[in-house]
Amino acid sequence: MLDCTPKEITERKSGGMINPAKTCQPIGAMYAALGIHKCLPHSHGSQGCCSYHRMHLTRHFRDPIMASTSCFTEGSSVFGGGANLKASIQNVFHIYKPDVMAIHTTCLTETIGDDVSSIVKTADVADGKFVIHANTPSYVGSHVTGFSNMTKAMVTYFAESTETVKKDQINIIPGFVNPGDMREIKRLVESMAVEYIMFPDTTGVVDSPMTGEFEMYPEGGTTVPQLKDTGNSQFSLALGRFASSDAADLLSKKCNVPAVVLKTPIGIKATDVMLMTLRTSFSREISKELEVERGQLVDIMTDTHFHFHGKTVAIFGDPDIVTGLTEFVVSLGMRPIHVLTGTPGGSSNSVAGSFEDDIKAILEPAGIEANVKSAGDLFTLHQWMKNQPVDLLIGNTYGKYIARAEDVPLVRVGFPILDRSVHSYLPIVGYRGAMRLVEMISNALLDRADRDAKDEDFELVM
Ligand code: SF4
């Protein structure tokens, strides 16, 4: 328990983390790889890393996560893992028969310096089968960086510009979000009658239905022909700069497909921006269905605003999600006074910017002063909350220890959520996702008000 976290904030000279607000790169790379149809993620490292990554994803999605490993022993750690990887490539295609094997590295193989790229280039792979790879050293970045790196690898290995005139379609790079969110983004785009390729796409993979039969490779995922065709699209919609903009930027350089980088469409404003981008680009009208949904959301926000107005909130998690949540709760009249991500500052490409700048651009016009930090840890967040208490905490499951220590309600949003279920099926993006967030946040606040109310203040109607 975290009851002993000191209130006094002292400078940590070692610069180390206490209670990290992130996890390691390969988890994100493994999740991204699952968004390719008939793909087996492969962890180039020891069995322990692979087990941990699979387990973490399995616990979040409550679905079995398939992946293979190079099974390092002491010998491969000393002499290098090239032989293990070559044997793995042969074994994986022979035994598990994927269309794509997506290799990511681990701390150990990055430290040894295994040249995965050369091994992949010289691998003996049958026609119609593919091996791709991403370098994912876990002592750099976070699981979001790993997701971004593997998504970028899909462009590196597959994207081709084969048409003289770009096709009437777009690429959608949804970022590190749940399959429920990907489904919702697809529904929004389909309602605008816009042709698209989403990659990666984990719908139908980590949320596949129970059929009574085990399927090594469920129906979902972006196919290889679709990945190749991303080079022929009008533009790429990168939703969330940290998880998606690197791949979009590479597509721009490699295939001359312009990148449009938007926020993850959490809340009314970000969803409006995404839909208006499509409307302007393709001269499509917003569908009646979406107009109604938006109107319902505005009605709900109006009906409930007095529950939210002036309430203070601490938000932590992945940068794209936290940015979207911050913008949305400000639109509800809440005051995010502590905002933190464990993922470091910005990504490497030309369209990226800093997390702190993004959050300040949201908070300053609303006159809100806040503690904002990237590459932070939960120890820091906890200390902030001790010094400036909040009415609500929003973040992943790891926030429950702080919520318990400070007796603050927690709304679980983000990755990972290990102590609740169903979350990965339901969206937080789009107008419907925003309705769900309003329900989750207001229920948490009202449950707390009920719990704390004296008998004479205990209300039936709230
Ligand atoms: S050793 Fe590195 S790659 Fe493996 S689980 Fe730990 S942080 Fe992740």
Side-chain angles (χ1 to χ4, degrees), residues 14-20 22-34 36 39-59 64-98 100-126 129-154 156-157 246 342-344 348 375 377 416:
S14 70
M17 290 232 171
I18 307 172
N19 202 359
K22 60 168 186 164
T23 184
C24 70
Q25 277 211 48
I27 291 183
M30 193 179 273
Y31 180 50
L34 290 165
I36 302 174
C39 175
L40 190 70
H42 180 86
S43 170
H44 184 48
S46 64
Q47 284 158 291
C49 294
C50 187
S51 300
Y52 164 59
H53 305 146
R54 290 179 62 197
M55 177 204 71
H56 220 53
L57 292 168
T58 297
R59 286 177 173 172
I65 300 299
M66 297 299 147
S68 52
T69 166
S70 297
C71 281
F72 269 45
T73 56
E74 290 84 347
S76 19
S77 304
V78 174
F79 299 112
N84 287 44
L85 187 54
K86 284 176 194 159
S88 298
I89 293 171
Q90 297 307 315
N91 288 339
V92 159
F93 283 110
H94 181 67
I95 300 167
Y96 299 113
K97 300 179 173 46
V100 182
M101 179 178 176
I103 301 166
H104 58 261
T105 53
T106 56
C107 295
L108 176 58
T109 46
E110 286 291 332
T111 305
I112 298 170
D114 275 350
D115 187 356
V116 177
S117 179
S118 298
I119 295 168
V120 168
K121 273 187 198 136
T122 53
D124 182 17
V125 181
K129 304 285 178 181
F130 304 90
V131 181
I132 68 172
H133 95 283
N135 288 92
T136 50
S138 232
Y139 33 81
V140 182
S142 73
H143 56 291
V144 177
T145 321
F147 183 94
S148 169
N149 287 340
M150 184 53 81
T151 309
K152 194 174 161 189
M154 296 173 199
T156 305
Y157 278 90
D246 278 345
T343 297
S348 55
D377 58 22

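The structure presented is a predicted model; accordingly, all values stated were derived computationally and were not measured.
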Verdict with reasoning, Val116 to Thr109, per side-chain contact (heavy atoms from CB on, under 4.5 Å): CA-CA 9 Å; Val116 177; Thr109 46; 5.8 Å; no
Derivation of the side chain to side chain donor-acceptor pair (under 3.5 Å) call for Thr23 and His143: CA-CA 5 Å; Thr23 184; His143 56 291; 5.5 Å; no
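Note that CG of Leu108 is 4.5 Å distant from OG of Ser77, once rounded to the nearest 0.5 Å. Separating the NE2 atom in His94 from the CD1 atom in Ile89 is a distance of 15.5 Å, to the nearest 0.5 Å. Atom CZ of Phe72 is separated from atom OG1 of Thr106 by 6.5 Å, given to the nearest 0.5 angstrom. Taking NE2 of His44 as the reference point, atom CG of Leu85 lies at 5.0 Å (rounded to 0.5 Å). Annotation: the span from Thr151 atom OG1 to Asp246 atom CG amounts to 9.0 Å, rounded to 0.5 Å.
Partners of Ala67 according to the side-chain contact (heavy atoms from CB on, under 4.5 Å) rule, which considers only residues two or more places apart in sequence or in another chain, are Met30, Pro41, Cys50, Arg54. Residues meeting the side-chain contact (heavy atoms from CB on, under 4.5 Å) test with Thr156, sequence neighbours left out: Leu250.
Tyr139 is listed as a side-chain neighbour of Thr111, based on a closest heavy-atom distance under 4.5 Å. Residues Leu40 and Met101 form no side-chain contact, since every pair of their non-hydrogen atoms from C-beta on lies 4.5 Å or further apart. Looking at heavy atoms from C-beta onward, Ile36 lies in side-chain contact with Ile132 at the 4.5 angstrom threshold. Side-chain contact between His104 and His133 is absent, with no heavy atoms from C-beta onward closer than 4.5 Å. Within the 4.5 Å cutoff, the side chain of Ser117 has no heavy atoms near those of the Val120 side chain. Put simply, the side chain of Ile65 reaches to within 4.5 Å of the side chain of Leu34, judged on heavy atoms. Looking only at side-chain heavy atoms (C-beta outward), Phe130 and Tyr157 stay at 4.5 Å or farther from each other. Two residues are said to be in side-chain contact when any heavy atoms from C-beta on lie closer than 4.5 Å; Phe93 and Val131 meet this criterion.
Neither side chain, Ser46 nor Tyr52, offers a donor N or O lying under 3.5 Å from an acceptor on the other. Counting only N and O atoms by type, the side chains of Ser70 and His42 include a donor and acceptor under 3.5 Å apart. Asn135 and Glu110 share a donor-acceptor pair across their side chains, judged by distance under 3.5 Å alone.
Ser138 places no side-chain N or O within 3.5 Å of a backbone atom of Cys107 that could act as its donor or acceptor partner. Panel note: side chain Asn84, backbone Cys71; a donor-acceptor pair is recorded below 3.5 Å. Between the side chain of His53 and the main chain of Cys49, a donor-acceptor pair closer than 3.5 Å is present. In terms of modelled atom types and a separation under 3.5 Å, the side chain of Lys22 and the main chain of Gly141 share a donor-acceptor contact. In this structure, Thr105 contributes its side chain and Thr136 its backbone to a donor-acceptor pair below 3.5 Å. Remark: the backbone N or O of Ile119 is not paired with any side-chain donor or acceptor of Lys86 at under 3.5 angstrom. Within the 3.5 Å criterion, the main-chain N or O of Met17 finds no donor-acceptor partner in the side chain of Asp377. For the pair Asp114 (side chain) and Gly81 (backbone), a donor-acceptor distance under 3.5 Å is present. Not a single donor-acceptor pair under 3.5 Å links the side chain of Ser68 to the backbone N or O of Val92. Between the side chain of Ser148 and the backbone N or O of Val144 there is no donor-acceptor pair closer than 3.5 Å.
Pairing each heavy atom of Ser76 with each of Thr73, the nearest pair is OG-N, 2.8 Å.
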